[in-house]
2 protein chains.
Amino acid sequence: MLLGMSVYTPGQVAEETGFSLDTLRYYERIGLLEPIGRNAAGQRRFTQDDIGWLGMIRCLRDTGMPIAEMLRFAELVRAGEHTIADRIALLESHDRRVEAQVANLREKQAAIRNKIGYYRAVTG
Amino acid sequence: MLLGMSVYTPGQVAEETGFSLDTLRYYERIGLLEPIGRNAAGQRRFTQDDIGWLGMIRCLRDTGMPIAEMLRFAELVRAGEHTIADRIALLESHDRRVEAQVANLREKQAAIRNKIGYYRAVTG
DNA sequence: GCTTGACCTGGAGCCGACTCCAGGTGCGAT
DNA sequence: ATCGCACCTGGAGTCGGCTCCAGGTCAAGC
């Protein structure tokens with residue numbers, strides 16, 4: 001029973017992660033994903049681990065991390081356990097940027113709402 | 001005394017708004033700013049109003065509104081008072097997107113912090 | 001009267017992040 | 001056995017948003 005060893009087709013992964021097929025191939029090409037396993041016909045078969053890593057990629061991407069920095073993180077992960085301090089440093093520094101991002105967003109949002117309020121007042 | 005009629009050079013505006021000189025010219029070219037006044041030598045002189053509008057642009061830009069939509073908003077503003085309802089609609093719809101953006105950011109940030117916590121636990 | 005510095009123009013170039021394409025393979029269902 | 005579909009490759013193209021460049025103009029200070 002190899003229940004835990006399930007693999008996923010590119011289509012399934014695209015569906016699940018929200019990345020397009022092209023983006024998945026692109027990420028593999030540039031080394032953001034390490035080489036994905038293949039079946040006999042040369043088609044990609046993603047593992048649960050690959051999908052987990054893609055989840056991380058999505059977090060970083062959605063919070064505005066540039067690909068160059070995600071690549072650095074990927075390299076740290078590949079380099080093994082002794083890079084964990086560096087990974088923490090990278091993620092914490094990113095976390096601070098995210099915090100600043102949210103603060104800026106909130107500030108600008110307040111100004112926009114203010115403008116809406118002004119327009120409302122003008123039209124009565 | 002024309003105290004209220006002060007004008008600003010491109011350099012001053014760049015300084016104050018944080019937009020580069022090239023970006024200011026670019027925004028005028030594409031019509032996001034309406035044609036900026038000129039002095040005798042053909043150099044731009046920005047008014048207080050221009051700077052106010054640039055403040056709005058910055059809010060919209062920093063909250064992720066694409067230029068195409070800012071252009072639409074600019075056109076509404078130029079078209080006069082009768083477009084105020086449309087402007088409110090546009091800004092409110094944007095505000096909802098900003099809200100979603102913040103929510104997504106927070107969610108992904110939580111996952112990143114989780115990862116940091118995991119790394120911390122691993123290294124003890 | 002010459003240099004310096006801030007500005008002007010139109011147009012080209014760049015960067016990040018995909019996205020699309022042409023031409024080809026293999027597999028499951030009819 | 002043939003159709004359709006999901007997949008493959010390398011490479012080119014797109015898009016948004018600037019950013020840079022060459023060559024030129026003025027005004028003020030030395």
Side-chain angles (χ1 to χ4, degrees), chain A residues 6-47 50-51 53-54 56-74 94 97 101 104 108, chain B residues 6-47 50-51 53-54 56-74 94 97 101 104 108:
Chain A
S6 45
V7 292
Y8 304 83
T9 65
Q12 289 168 333
V13 174
E15 173 77 18
E16 258 194 60
T17 65
F19 292 117
S20 76
L21 294 172
D22 271 320
T23 298
L24 291 173
R25 287 195 277 258
Y26 168 66
Y27 283 171
E28 184 181 354
R29 266 214 304 254
I30 63 173
L32 191 51
L33 272 52
E34 38 198 317
I36 300 298
R38 307 300 181 109
N39 70 2
Q43 301 188 341
R44 287 174 184 80
R45 289 299 178 259
F46 292 77
T47 66
D50 293 327
I51 292 181
W53 175 243
L54 282 166
M56 188 73 205
I57 293 300
R58 171 153 299 286
C59 283
L60 298 178
R61 193 195 89 154
D62 280 11
T63 50
M65 184 181 288
I67 282 185
E69 195 172 348
M70 292 199 273
L71 272 175
R72 234 185 70 63
F73 184 64
H94 183 60
R97 287 193 306 255
Q101 223 185 123
N104 186 40
K108 301 296 156 62
Chain B
S6 46
V7 291
Y8 304 83
T9 65
Q12 289 168 333
V13 175
E15 174 77 18
E16 259 195 59
T17 63
F19 291 118
S20 76
L21 294 171
D22 271 320
T23 299
L24 290 172
R25 288 195 277 259
Y26 168 66
Y27 283 172
E28 184 181 354
R29 265 213 306 255
I30 63 172
L32 192 49
L33 273 50
E34 39 200 315
I36 300 299
R38 305 302 178 109
N39 70 3
Q43 299 187 344
R44 286 173 184 80
R45 290 298 177 260
F46 292 77
T47 66
D50 293 327
I51 292 181
W53 175 244
L54 282 166
M56 189 72 204
I57 294 300
R58 173 154 295 288
C59 283
L60 298 178
R61 193 195 89 153
D62 281 12
T63 49
M65 184 182 286
I67 283 186
E69 197 174 347
M70 293 199 271
L71 273 176
R72 233 184 70 65
F73 183 63
H94 183 59
R97 286 192 307 253
Q101 223 185 122
N104 186 39
K108 300 297 155 61

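Below, chains carry the letters A, B, ... as their sequence lines are ordered, and counting in each starts from 1.
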*Would you mind reading off the distance between B:Y26 atom OH and D:dG16 atom C1', rounded to a whole angstrom?*
7 Å
*To the nearest angstrom, how far is A:L21 atom CG from D:dC8 atom P?*
8 Å
*asked:* What is the separation between atom CE on B:M70 and atom C1' on D:dG16, rounded to the nearest whole Å?
replied: 11 Å
*asked:* Dot-bracket, 5' to 3', for DNA chain C please: Watson-Crick or G-U pairs under 3.5 Å, [ ] where pairs cross earlier ones, | where the partner sits on another strand, dots elsewhere.
replied: ||||||||||||||||||||||||||||||
*Look at the side-chain N and O atoms of A:T9 and state whether any lies under 4.0 Å from the OP1 or OP2 oxygen of D:dC7.*
yes
*Mind checking the CG-CZ spacing from B:L54 to B:F46? Nearest 0.5 Å is all I need.*
6.5 Å
*asked:* At a heavy-atom distance below 4.0 Å, what parts of residues 38-47 of chain A sit against DNA chain D?
replied: A:R38, A:G42, A:Q43, A:R44
*Just checking A:F19: base, sugar-phosphate only, or nothing, at a heavy-atom cut-off of under 4.0 Å?*
nothing
*Quick one: sort the A:F73 and A:W53 rings into parallel, tilted or perpendicular, breaks at 30° and 60°.*
parallel
*Hey, where on DNA chain C does chain A first and last touch, going 5' to 3'? Cut-off is any atom under 4.0 Å from a heavy atom.*
C:dA17 to C:dG26
*Is atom CD of B:E15 surrounded by more than 12 heavy atoms (other residues, nucleotides or ligands) closer than 6.0 Å?*
no
*Please figure out whether A:R25 or B:R29 has its closest DNA chain C nucleotide nearer the 5' end.*
B:R29
